[in-house]
Amino acid sequence: MTAMASMPAFAATYYVTPDGAGTKDGSSWENAFGVAEFRTKASTNVNGDVYYFEGGLYNLSESTVIFNVGTGATLIGNADGERTVFSGDKDGNNNPDSTDAGRLVRFQANTVHGNSANKIIIDNIDFTCVYTWEDDDHGNMTALMIDNSGDVVIKNCHFYNNWAQGQYGGAAAFLYRSSVRLENCIFYNNSANYRGGALRICSNHVDKGIITIDNCVFKNNRNYHTFGGAIFMGHGNSINIINSTIANNQAASDGGAIYFNGYNDSFHCELRIVNSTIAGNTTDADNDAQIVSTQGAHINIANSIIPNDEEEAAIMFKGDTENENFEFVSGGYNYVGNIIDNVDKELVWQDTDVHGEGCSYEAIFGNNTLNSDNVIIPDVFYQGATGEEVKTAVASWGLPDDINYDVDQLGNQRTGDISMGAYAAEKESISTSIIELPRYDNSLRLISDGSSIYTVEGYDGMVNVYSVSGALVLKTIASNINLMNQPNGLYIIEAGNTIFKVIR
């Protein structure tokens with residue numbers, strides 16, 4: 001008797017609509033899968049299968065869509081018109097509650113970082129109305145779960161109105177021991193009791209848990225207890241935040257925006273923030289901050305805005321025991337508010353940075369808030385870096401090779417006189433305030449270091465710098481008045497009731 005070899009399975013393309021059509025074999029739009037058929041096919045997914053989804057509401061509350069372990073797939077939602085919405089809303093009230101699904105979609109490709117053999121792509125799909133009621137660390141939790149997958153791209157997706165009751169958090173997505181790139185995604189109105197109001201990142205190995213967040217928005221997410229109003233990283237390799245805005249998130253304590261554990265031999269837990277704005281994130285606690293980590297933190301920041309306000313510091317390093325693994329390095333062109341730290345250690349700043357207690361939300365944004373384009377427009381100009389300057393500054397940071405540093409969150413070019421942060425505003429667009437200059441007096445001393453950087457001796461407040469025409473060109477702290485990036489000319493420096501005139 002001759003043994004017969006099993007025939008290999010080949011990847012195919014399938015079509016899915018909310019109700020299905022025709023024979024429901026998924027072979028065409030006329031014979032599209034419905035939800036039940038899609039769920040069944042996912043369980044036998046062949047690596048490389050592609051699924052196209054019509055716009056509309058897909059109620060996945062009956063049970064989780066679990067893709068065949070050890071395979072990858074591409075899910076493409078509708079990009080023109082009505083969005084493709086995956087929902088766990090079993091009772092149809094458009095609100096996450098205890099009757100709704102605890103999870104929508106789960107992938108486990110079983111690959112390591114950089115291995116694209118079982119690639120996962122999710123494009124233009126919304127995830128909403130998940131209610132996690134169990135404390136099941138790696139099971140029935142979060143709208144989207146990615147596990148042990150080495151090459152994942154999630155782009156143009158929206159995550160909203162998800163609610164994680166248990167202690168593990170991450171209501172919108174749980175990225176576990178995986179390498180994931182989030183592009184042009186929006187996370188909003190998600191809630192959790194712990195560990196990230198929207199996103200939880202975790203791993204079991206130093207070479208896993210590599211997350212890049214590029215051109216994304218996290219807004220109005222809520223953590224009712226500890227560890228990150230928007231994002232939590234417990235263990236893993238790194239979070240790279242590029243061209244993104246994280247605003248108006250809230251936690252009870254330990255980081256209105258982000259909490260991450262510090263570096264150790266098993267989990268490097270590095271945070272890199274480039275061309276981004278993290279602002280207006282709050283906590284219910286005293287002496288807290290927008291970003292919180294341990295004394296072993298590894299942080300690199302370039303061309304970004306992280307202000308403090310009356311209640312929240314910009315960054316906080318918890319604990320009072322010195323950690324030799326600590327690293328804080330600026331790549332320059334940052335606006336960073338005060339830092340809470342009980343251990344005296346070196347923070348590496350650049351000459352182009354503006355930092356300290358005076359770097360408040362109000363000082364740079366005035367009354368401006370997150371707008372309909374999901375950016376906060378500066379009210380006062382601070383010189384930012386060009387795309388080439390950013391690329392040079394971060395060259396050794398281990399960021400993905402294909403990051404585009406030349407444009408901001410909205411696609412504006414980072415060239416010439418533009419501001420730092422997620423939104424690259426042109427200098428002329430925000431330096432328009434005309435004032436009546438007050439009388440000059442001699443009560444304070446202006447000191448120059450010879451390179452167009454000035455200090456007002458005897459004054460520790462904010463100063464305004466005006467061009468000779470009366471246009472406000474800079475608002476900064478008195479200990480670091482940096483005119484190196486301003487054109488040559490006459491400038492007026494206002495410190496309290498004292499006026500200085502300098503020639504650049």
Side-chain angles (χ1 to χ4, degrees), residues 113 135 137-138 141-142 146-148 164 166-180 182 192-213 218 221 223 225-241 246 249 251-273 278 281 283 285 287-301 306 312-329 339-343 345 347 397-398:
H113 176 69
D135 278 340
D137 191 4
H138 308 309
M141 61 167 296
T142 199
I146 305 293
D147 181 14
N148 202 33
Q167 64 174 305
Y168 292 108
F174 179 21
L175 311 180
Y176 178 51
R177 53 181 188 169
S178 296
S179 294
V180 181
L182 296 161
N193 271 335
Y194 296 93
R195 292 178 172 90
L199 181 62
R200 182 184 177 209
I201 302 161
C202 190
S203 185
N204 63 349
H205 196 274
V206 67
D207 294 327
K208 297 185 178 183
I210 300 173
I211 310 301
T212 297
I213 298 170
F218 289 78
N221 300 289
N223 182 341
H225 290 87
T226 56
F227 305 132
I231 300 171
F232 167 83
M233 182 180 217
H235 301 298
N237 184 289
S238 57
I239 313 174
N240 307 310
I241 300 175
I246 304 176
N249 302 284
S253 66
D254 295 291
I258 301 169
Y259 178 90
F260 69 107
N261 281 323
Y263 182 102
N264 61 48
D265 291 339
S266 298
F267 307 106
H268 287 177
C269 290
E270 300 180 10
L271 175 63
R272 307 177 184 112
I273 302 171
I278 300 175
N281 304 285
T283 71
N287 298 317
D288 214 291
Q290 295 197 83
I291 300 173
V292 174
S293 184
T294 65
Q295 288 294 338
H298 265 214
I299 302 181
N300 298 94
I301 307 175
I306 313 173
E312 309 300 328
I315 302 171
M316 177 182 183
F317 304 118
K318 292 198 71 174
D320 54 11
T321 302
E322 186 174 359
N323 189 308
E324 64 181 5
N325 291 314
F326 176 86
E327 180 180 272
F328 180 103
V329 177
I339 294 176
I340 299 175
D341 188 10
N342 295 323
V343 176
K345 52 185 177 286
L347 308 180
W397 290 6

Does Ser253 use its side chain to pair, donor to acceptor, with the backbone of Ala285 at less than 3.5 Å? no

Minimum heavy-atom separation for Phe267 to Asn204, with atom names? CE2-C, 3.6 Å

Considering all heavy atoms, the nearest Asn193-His225 contact: O-CB, 2.7 Å

Less than 3.5 Å apart, which donor and acceptor atoms pair up between the side chains of residues 234-241 and the rest of the protein, not counting sequence neighbours?
unit_1	atom_1	unit_2	atom_2	d
Asn237	ND2	Val206	O	3.0
Asn240	OD1	Arg272	NH1	2.8
Asn240	ND2	Thr212	OG1	3.2

Checking the side chain of Asn148 only, and the main-chain atoms of Tyr176 only, is there a donor and an acceptor separated by less than 3.5 Å? no

Which pair of heavy atoms, one from Ala164 and one from Ala171, lies closest together, and at what distance? N-CB, 3.7 Å

Heavy-atom distance under 4.5 Å between the side chains of Ile213 and Ile246, does that happen here? no

Measure the shortest side-chain to side-chain distance between Leu199 and Leu182 over non-hydrogen atoms and say whether it is less than 4.5 angstrom. yes

Interatomic distance, Arg195 atom CZ to Tyr168 atom OH [nearest 0.5 angstrom]: 7.0 Å

Over-ring placement of Arg200 relative to Phe174, 6.0 Å and 45° cut-offs: yes

Closest non-hydrogen atom pair, Gly229 against Ala251: N-CB, 3.7 Å

Distance from Asn281 atom CG to Ile291 atom CD1, nearest 0.5 Å? 8.5 Å

If only side-chain N and O atoms count, and only distance matters, is there a donor-acceptor pair under 3.5 Å linking Tyr259 with Asn261? yes

Partner residues of Ala314 under the side chain to side chain contact (heavy atoms under 4.5 Å, CB included) criterion, sequence neighbours left out: Ile306, Val336

Hey, what do you get for CG (Leu175) to NZ (Lys208), rounding to the nearest 0.5 Å? 14.0 Å

Strictly distance-based, threshold 3.5 Å: is any side-chain N or O of Asn221 a donor or acceptor partner for the main-chain N or O of Asn249? no

Non-hydrogen atoms of Lys318 and Val292 that approach each other most closely: CG-CG1, 3.5 Å

Does the side chain of Phe232 reach to within under 4.5 Å of the side chain of Asp254, using non-hydrogen atoms? no

Drop me the distance from Ile315's CD1 to Gln290's CD, to the nearest 0.5 angstrom. 9.0 Å

To the nearest 0.5 Å, what is the distance between OG1 on Thr283 and CD on Glu312? 3.5 Å

Other residues, nucleotides and ligands only: do more than 12 of their heavy atoms fall within 6.0 Å of CG on Asn287? no

One should read off an interatomic distance between Ile258 CD1 and Ile299 CD1, to the nearest 0.5 angstrom, of 9.0 Å

Would you say His113 and Asp207 make side-chain contact, with heavy atoms under 4.5 Å? no

On a heavy-atom basis, which atom in His298 and which in Phe260 lie closest, and how many Å separate them? O-CE1, 4.0 Å

Who pairs with His205 by ring-ring contact (aromatic ring centres under 6.0 Å, His included), at least two apart in sequence or on another chain? none

Does any non-hydrogen side-chain atom of Ile278 lie less than 4.5 Å from one of Phe218? no

Kindly determine whether Gln295 and Asp320 satisfy side chain to side chain donor-acceptor pair (under 3.5 Å), including the steps that lead there. CA-CA 8 Å; Gln295 288 294 338; Asp320 54 11; over 6 Å; no

